[in-house]
Amino acid sequence: AAGAAPDAVCLMAKAGRQRESRHPAFSHVRPEGEVTIDYGDKSNEELLFTYGFTMESNPHDTLMLFHPLPPQDQWTDGTAARVHILATHQLALQHFLTKESLAARPSDKANGAFPAEMLRALEV
């Protein structure tokens, strides 16, 4: 259309090859302007495995604790009972710990630094 802003041009290089692609959504970017991406509130683990980098001072960094279960056909009666207890009390098998909870003194960890749901799940 007459008077329409030209598409933004993105040059991409991979393995010695370069290609150009046009992106109308970036037409508001000035020539030589910077385009940034907001990755959202993600932990360093998620950033590393999804995008290949981490942030030294990431305010959203957490440590995921996962309590894996064997395949259901390998469950003992004890495993089935534990899974039933977890489900009955709506306790998850995956928990996220913040830097603050990991940095807490041992005496604080028993007094609320760790999520109560996680401690209950670990007891099962």
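Ring pair F66/F96: centre-to-centre distance not below 6.0 Å.
Under the rule for a side-chain hydrogen bond (donor to acceptor under 3.5 Å, both in side chains), D38 has no partner lying at least two apart in sequence or in another chain.
Of all heavy-atom pairs spanning A92 and A121, the tightest one is O-CB, 3.7 Å.
Under a cut-off of 6.0 angstrom, the local environment of CZ in F49 is sparse, with at most 12 non-hydrogen atoms contributed by other residues, nucleotides or ligands.
The distance from the OG1 atom of T98 to the CG atom of D61 is 10.0 Å, given to the nearest 0.5 Å. Rounding to the nearest 0.5 angstrom, the gap separating the CD1 atom in I85 from the CZ atom in R120 is 13.5 Å. Going from atom CG of L47 over to atom NE2 of H60 covers 9.5 Å, rounded to the nearest 0.5 Å. Distance check: L86 CG to L93 CG gives 5.5 Å after rounding to the nearest 0.5 Å.
At a threshold of 4.5 Å between non-hydrogen side-chain atoms, the residues Q94 and M64 count as touching.
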Stepwise side-chain contact (heavy atoms from CB on, under 4.5 Å) check, F53 with L48: CA-CA 5 Å; F53 70 91; L48 180 63; over 6 Å; no
Working note: L97 + T62, criterion side-chain contact (heavy atoms from CB on, under 4.5 Å); need CA distance, chi angles, decisive distance, verdict. CA-CA 5 Å; L97 300 176; T62 57; 6.0 Å; no
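With hydrogens and angles disregarded, a donor-acceptor distance shorter than 3.5 Å links the side chain of N44 to the backbone of M55. Of the possible polar contacts, one joining the N58 side chain to the K42 backbone as a donor-acceptor pair under 3.5 Å is found.
Applying the side chain to side chain contact (heavy atoms under 4.5 Å, CB included) test between L91 and each of M118, H67, E117, E123 identifies E117 as the sole match.
Criterion: ILVMFWY side-chain heavy atoms under 4.5 Å apart, direct or through other members. Under it, L122 and L63 are part of a common hydrophobic cluster.
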